[in-house]
2 protein chains.
Amino acid sequence: MISSSELSKLTGVNHYQIRKDLAYFGEFGKRGVGYPIQNLINTLKGILGSSKRWEIIMVGVGNLGEALLRYRGYQKRSFNIIGAFDKDSSKVGKRINNIEVYNIQYMKSFIMKKNIRIGIITVPAQAAQKVAEIMVSGGITAILNFAPIVLKCPDFVKVNTIDISIELDRLVYYLSIKTHSDN
Amino acid sequence: MISSSELSKLTGVNHYQIRKDLAYFGEFGKRGVGYPIQNLINTLKGILGSSKRWEIIMVGVGNLGEALLRYRGYQKRSFNIIGAFDKDSSKVGKRINNIEVYNIQYMKSFIMKKNIRIGIITVPAQAAQKVAEIMVSGGITAILNFAPIVLKCPDFVKVNTIDISIELDRLVYYLSIKTHSDN
DNA sequence: CCATGTGAAGATCTTCACAGCG
DNA sequence: CGCTGTGAAGATCTTCACATGG
């Protein structure tokens, strides 16, 4: 059993919010007690779509791509990187964390054959748009993009961009504001 | 000169929002024409705090850390990674992208001496909290955290966490919702 | 009595309509 | 006339107060 206040401490989200969010999907807490942990986990898995197993591909096996492939944090999650792609023949054929690197020319047919819905882009900025287009043409509808550009994709495609420079700009902005008002 | 609608196309943010946001900081557009580009850039640099030059340190030179060190996207930006730290002696002394890797035991004094305000954490999850504490004790007040945990820091410290698993969960959730409502 | 679930109040963010100015 | 700047309307998110039920 766990209460909304305990969850609050663990996550940094306040207890009102925790309750509102959970209640939004139904009543699975017990009044006066809290939420049954195991039950909560299972219900959330269903809600987040993580009871299903999602297969993912990654394109671009440079430093960042390799870092992500080595990252073990996926293991217990609902998604699996089942293939990586690069145009560089020196990388093709490698296996990283048991994930094989294929030539990028096979990407589209791979997506179609395996019915992939999610792709990760870790290629340089100038190649990213083209990669995104091939992904979409193969049937991918959700992209996690690490290239520092705005990808042009059809509306039905969900693009989630992580641009490290922008994240640092956020911090810089925060510090500037604070410094300014510290007088 | 550039108009709010052009900026809208470039960024994906709608034109109302562009104007509201810019107007919030003052009137630097010309009615009937648009925004003078150079002027806009300079003004925004000031607002974002990027007219100043910010020095940054990074801790953890594993795959991800190395990828970020190699990333050239900072070059034109307002921030500079001026040092990296690791506890692994095989990494100490390396130079990556002209950034030297120091033993982590010198981190605190480095932060203090150079008056660093921003730190990037790319160490494994179990080491991240400790690293954050040392950073804060040295005077850092803004952290970009790549470790998949919730860092406990004093309120005056701005923590920005990027957890790749969570970003993927977002996409999975989006796809689940869509699949559900596609019936 | 305790912690959830929820309607209402409050705060904030987004969209809109249009006045104002080059 | 065109595009900005802005007050107001609308939508959404957050906080709160408290009724509800184990």
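The model shown is predicted, which means the values in this text are computed figures rather than measured ones. Proteins get letters first, then strands, A, B, ... in listed order; numbering begins at 1 in each.
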Legend entry - Residue-phosphate contact under 4.0 Å: B/Asn14 side-chain N/O, C/dT15 OP1/OP2: yes
Inset, instruction - Return the value, rounded to whole Å, for the distance between atom NE2 of A/His15 and atom P of D/dT14. - result: 14 Å
Inset, instruction - Please confirm whether any donor atom in the side chain of A/Lys20 sits under 3.5 Å from an acceptor in the base of D/dT15, or the reverse. - result: yes
Inset, instruction - Evaluate whether atom NZ of A/Lys87 has more than 12 neighbouring non-hydrogen atoms of other residues, nucleotides or ligands under 6.0 angstrom away. - result: no
Inset, instruction - Could you tell me whether the phosphate oxygens of C/dT4, OP1 or OP2, come under 4.0 Å of any side-chain nitrogen or oxygen in A/Ser4? - result: yes
Legend entry - Nucleotide C/dT12, atom P - distance to CD of A/Gln17 in whole Å: 14 Å
Legend entry - Reference residue B/Leu151; test side chain to side chain contact (heavy atoms under 4.5 Å, CB included); the match among B/Gln129, B/Met135, B/Glu133: B/Gln129
Legend entry - Whether over 12 other heavy atoms sit under 6.0 Å from B/Lys152 NZ: yes
Inset, instruction - For this output row, return yes or no: ring centroids of B/Phe85 and B/Tyr106 closer than 6.0 angstrom. - result: no
Legend entry - side-chain N/O B/Tyr16 vs C/dT14 OP1/OP2, d < 4.0 Å: no
Legend entry - Residues touching DNA chain D, which here means a heavy atom under 4.0 Å, drawn from residues 26-47 of chain B: B/Glu27, B/Phe28, B/Gly29, B/Lys30, B/Arg31, B/Gly32, B/Val33, B/Gly34, B/Tyr35
Inset, instruction - Tell me, yes or no, whether the heavy-atom count around B/Lys158 atom NZ, taken from other residues, nucleotides or ligands under 6.0 Å, exceeds 12. - result: no
Inset, instruction - Could you tell me whether A/Glu167 and A/Arg170 make a salt bridge, using a distance below 4.0 angstrom between a side-chain N and a carboxylate O? - result: yes
